[in-house]
**Student:** 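Structure below; questions to follow.
Each residue takes its place number in the sequence, starting with 1. Read the numbers this way: they start at 1 and go in the same order the structure lists the ligands and their atoms. Quantities reported herein were computed from a predicted structural model and do not represent experimental measurements.
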Amino acid sequence: MSKVRVRFAPSPTGGLHLGGVRTVLYNYLFARQHGGDFILRIEDTDQSRYVPGAEEYIVNCLQWCGLIPDESPQKGGEYAPYRQSERKALYKQYAQQLVDNGYAYYAFDTPQEIEEMRKKLHTDTNTNPQYDHNTRRQMRNSLSLSKEKTASLLEEGTPYVIRIKMPENETVNFTDMIRGDVSFDTNLVDDKVLLKADGMPTYHLAVVVDDYLMKISHAFRGEEWLPSAPVHLLLWKYLGWEKHMPQWAHLPLILKPDGHGKLSKRDGDRLGFPVFAMNWTDPRTNETAGCFREMGFLPEAFVNLLAVLGWNDGTEQELFSMDELVKKFSISRVHKGGAKFDFEKAKWFNHQYIQQKTEEELLPLVTPFIQQHLQTALDQGHLRSVIALIKDRCTLLSDFWQQGHFLFATPEMKELPAVQEKWNEQKKQFFISWIDSFATIANWTDTELETSFNDCLLQHGLKKGDALLPLRIMLVGAKYGPGVFHIAELIGKIETMSRIRSVIESLK
Ligand code: GLU
């Protein structure tokens with residue numbers, strides 16, 4: 001077998017959907033497993049859909065996920081350039097070759113003429129008339145016009161596109177690595193444009209030419225590209241490259257949580273979860289989409305949850321390190337049917353990966369999620385203790401702030417009414433004498449604090465249940481959080497005293 005070479009070939013049109021990242025991942029795993037090359041090729045031939053910044057964003061997403069290409073526009077490589085817009089001059093000769101061999105033709109129709117044809121042929125049974133074997137003879141192209149007329153139109157510089165001439169009554173088929181035999185009726189496929197009036201190839205021509213020139217051995221792409229496969233198959237054949245055609249696998253869609261249809265960014269917005277890998281701000285609308293990285297997902301967890309969205313190794317195992325994935329991944333075990341996205345499950349993966357990390361490893365990852373809320377520089381020693389204390393309560397990196405903000409800054413007393421309701425002189429005296437006793441606590445640790453708390457309760461004839469919730473609210477502002485004495489230990493003597501004192505005063 002020739003060397004394994006796979007590619008991820010995105011069009012730089014916006015944020016990277018998690019389905020796109022999964023496509024990258026499956027390509028990457030396959031390449032690593034076979035000692036092959038993983039190529040990033042930017043398919044930017046559709047200038048009208050080009051969005052500035054989108055390529056850089058894709059590169060950064062791959063970097064964040066640890067899915068680094070061996071060849072790319074940034075890294076270069078033997079088959080450079082890797083941006084199709086920079087390869088423009090290359091495609092025309094192949095389109096010309098197809099025309100010369102009778103597999104493609106010049107079409108001179110203006111957009112208005114095509115529109116008129118569509119209107120004219122529109123009926124209840126034919127709602128979407130196409131430029132195809134039924135209609136091409138009625139249009140202005142080198143098949144319907146005389147040789148002389150065609151030559152003179154070309155000479156006059158009349159704008160034209162080159163279209164593939166889809167054969168009639170043929171079946172084209174190929175073996176998909178996931179779906180098995182797939183066949184298409186050529187009568188149902190229109191005469192796709194291959195080369196546009198501005199000399200740019202369309203995706204269909206460019207993808208075939210580049211997969212050939214870049215010696216791609218396997219092409220894994222989203223299921224949405226399956227309808228384009230017959231055009232590509234015929235191009236491989238018509239260009240005389242059939243025996244070099246990559247093996248294809250069309251990956252199943254990632255579905256909405258209810259299983260009905262493809263998961264879109266809008267579904268994420270509606271249901272409150274991200275669908276993009278990293279924050280993406282659309283420069284045209286300034287709209288920003290919530291994303292996995294900024295929400296506090298670890299790249300390892302993100303990669304793991306994507307790997308098992310549509311694939312498993314045949315056992316119950318769900319947690320896989322990258323090394324294990326490289327060993328165990330197999331394209332033939334990718335399911336044909338779509339995979340439902342489950343955000344709760346996605347969070348479960350992240351929780352698992354957070355628990356696996358040491359405090360030391362989490363330190364740099366958690367820091368930005370805390371620092372963004374603070375005016376002063378974060379004490380790393382303190383942060384390490386906080387991480388150790390609340391790690392098991394955290395599912396997302398952003399949870400470290402939700403679950404521990406009161407360990408960095410004085411909290412708002414949201415639940416003060418709950419203390420107020422049962423407040424009395426006896427409790428007030430208890431808290432005053434407890435904080436007075438702090439001077440005698442030799443070691444400011446949670447165990448010593450708890451002992452002194454219990455002793456003081458005894459002296460005041462109170463039960464633990466009478467004072468523990470008020471103490472929690474004094475320190476946290478609310479009814480949640482880790483052990484109260486641990487909290488007191490971490491925020492220190494002065495801050496503990498001051499929080500208790502200010503509540504006592506506000507309840508006077
Ligand atoms: N440029 C296509 C995309 O945006 C690539 C499809 C393929 O891999 O053939 O997804």
**Student:** Identify which of P12, A9, A219 has a heavy atom lying nearest to atom 2 (C) of ligand 1.
**Tutor:** A9
**Student:** Pairing donors with acceptors under 3.5 angstrom, does anything connect the side chains of Y131 and N141?
**Tutor:** yes
**Student:** So, 4.0 Å and heavy atoms of R7: is ligand 1 close enough to count as a contact?
**Tutor:** yes
**Student:** What's the shortest distance from atom 9 (O) of ligand 1 to any protein heavy atom, and which residue and atom give it?
**Tutor:** Y203 OH, 2.7 Å
**Student:** Check each atom of ligand 1 against the heavy atoms of V207 and keep those under 4.0 Å away; list them by number with element.
**Tutor:** 9 (O)
**Student:** Does a donor on one side chain sit under 3.5 Å from an acceptor on the other, for N304 and E300?
**Tutor:** no
**Student:** Is the closest side-chain donor-acceptor distance between Y160 and D109 under 3.5 Å?
**Tutor:** no
**Student:** With atoms numbered from 1 as shown, which atoms in ligand 1 lie under 4.0 angstrom from a non-hydrogen atom of E43?
**Tutor:** 1 (N), 2 (C), 5 (C)
**Student:** Where the closest heavy atom to atom 4 (O) of ligand 1 is concerned, which of S11, S228, A229, P246 has it?
**Tutor:** S11
**Student:** Could you tell me whether W241 and Y212 have their ring centroids closer than 6.0 angstrom?
**Tutor:** yes
**Student:** Between W225 and ligand 1, which part of the residue brings a heavy atom under 4.0 Å of the ligand: side chain, backbone, both or neither?
**Tutor:** side chain
**Student:** Would you kindly say whether S85 and D44 are connected by a side-chain donor-acceptor distance under 3.5 Å?
**Tutor:** yes
**Student:** Between H232 and Y203, does the ring centre distance come in under 6.0 Å?
**Tutor:** yes
